[in-house]
Amino acid sequence: MHDNAPENVAVFDFDEVADHLLEQGLENSPSELHGCLCGLLAGSAAVEPEAGLAALNRALGVDVHGELAELLMRLYAVTAAALEDDEFDFYPLLPDDAVELAPRTAALGAWCRGFLAGYADAGASAGQRGSTLPGSSGEVLKDFAAIAAAAVDEDASEEESENSYAELVEYLRFAALNVYMDNMESPRPPSGGHPIH
């Protein structure tokens, strides 16, 4: 998450979250955890931070506790506010741009996997497994599944790769916002359609 724009100092430090994960013996990426929180919120999960933490633990099969749990509950609350913000002040939690492109791309994929897990958990918890997805959500989730497997193109120039990465980050920002808004405007009815896995 960032303050106002990607260039500004991060409100939540990727490396700090990563350190807490290592301390707890978890191999998850901070991006995966943030993606899961976003997916939960986009899938109409409860906005209370404690509920978000419990859902994250369930969706990712983890048991975060202590300082990391407190940090993630704050991140959940800030993310919920950012998704509601009229200024589109929402950014996925990703490594700093100074980090090599390959780990940044891997984090992007992890964010998408987390989002899909959170969104599916929110739907299942609401008894909406297999329900029709509102708006363009079905297409977005397919895109996220494809991005989850993204890798750096070794044949592309560094500039091309960086541009592609930046475009994917922007796509994630607005696609996540669209799924969130679709679900706010039209909650998933319990009928046939695109299944949620």
Would you check if [X] and [Y] make a side-chain contact, meaning some heavy-atom pair closer than 4.5 Å?
X: P95; Y: S31; answer: yes
X: F115; Y: L141; answer: yes
X: P103; Y: E100; answer: yes
X: F90; Y: Y180; answer: no

Going from [atom1] on [X] to [atom2] on [Y], what distance comes out if it is rounded to the nearest 0.5 angstrom?
X: L21; Y: L71; atom1: CG; atom2: CG; value: 9.0 Å
X: L41; Y: Y119; atom1: CG; atom2: OH; value: 12.5 Å
X: E32; Y: E27; atom1: CD; atom2: CD; value: 10.5 Å
X: E139; Y: D143; atom1: CD; atom2: CG; value: 7.0 Å
X: L108; Y: L101; atom1: CG; atom2: CG; value: 9.5 Å
X: M181; Y: S136; atom1: CE; atom2: OG; value: 9.0 Å

Closest non-hydrogen atom pair between [X] and [Y], with its separation:
X: L172; Y: F144; result: CD2-CE1, 3.4 Å
X: A18; Y: P30; result: N-CG, 3.5 Å
X: R104; Y: D96; result: CD-O, 3.4 Å
X: G52; Y: L40; result: O-CD1, 3.8 Å

Ignoring hydrogens and geometry, is there a side-chain-to-backbone donor-acceptor pair from [X] to [Y] under 3.5 Å?
X: T79; Y: C38; value: no
X: N183; Y: S44; value: no
X: D85; Y: A81; value: no
X: H34; Y: L93; value: yes
X: D121; Y: A117; value: no
X: Q24; Y: H65; value: yes

Check whether F88 forms a cation-pi arrangement with R173 (NZ or CZ under 6.0 Å from the six-membered ring centre, at most 45° off the ring normal).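 Relative to the ring axis of F88, which defines the angle, R173 lies outside at least one limit.
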Axial cation check for F12 ring with R74, 6.0 Å and 45° limits: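 The answer is no, since R74 fails at least one limit relative to F12.
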Verify same cluster id: V99, V152 (apolar side-chain graph, 4.5 Å):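 Different hydrophobic clusters.
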Do I147 and F174 share a hydrophobic cluster, counting only Ile, Leu, Val, Met, Phe, Trp and Tyr and linking them when any side-chain heavy atoms are less than 4.5 Å apart?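 Yes, I147 connects to F174 through the hydrophobic network.
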Apply side-chain hydrogen bond (donor to acceptor under 3.5 Å, both in side chains) to E48 and Y76, showing your working. CA-CA 8 Å; E48 292 78 21; Y76 190 68; over 6 Å; no
Output, in order, the C-alpha distance, side-chain angles, deciding distance and verdict of side-chain hydrogen bond (donor to acceptor under 3.5 Å, both in side chains) for D97 and Y165. CA-CA 10 Å; D97 284 347; Y165 174 83; 4.8 Å; no
Evaluate whether atom CD of E67 has more than 12 neighbouring non-hydrogen atoms of other residues, nucleotides or ligands under 6.0 angstrom away.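 No, CD of E67 has 12 or fewer neighbouring heavy atoms, counting only those of other groups under 6.0 Å.
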Any chance you could lay out the side chain to side chain contact (heavy atoms under 4.5 Å, CB included) test for E160 and S157, step after step, and finish with the verdict? CA-CA 5 Å; E160 287 173 329; S157 70; 3.2 Å; yes
Passing candidate, side chain to side chain contact (heavy atoms under 4.5 Å, CB included) with M73, options L53, L37, V64, L56: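 The option that passes is L53.
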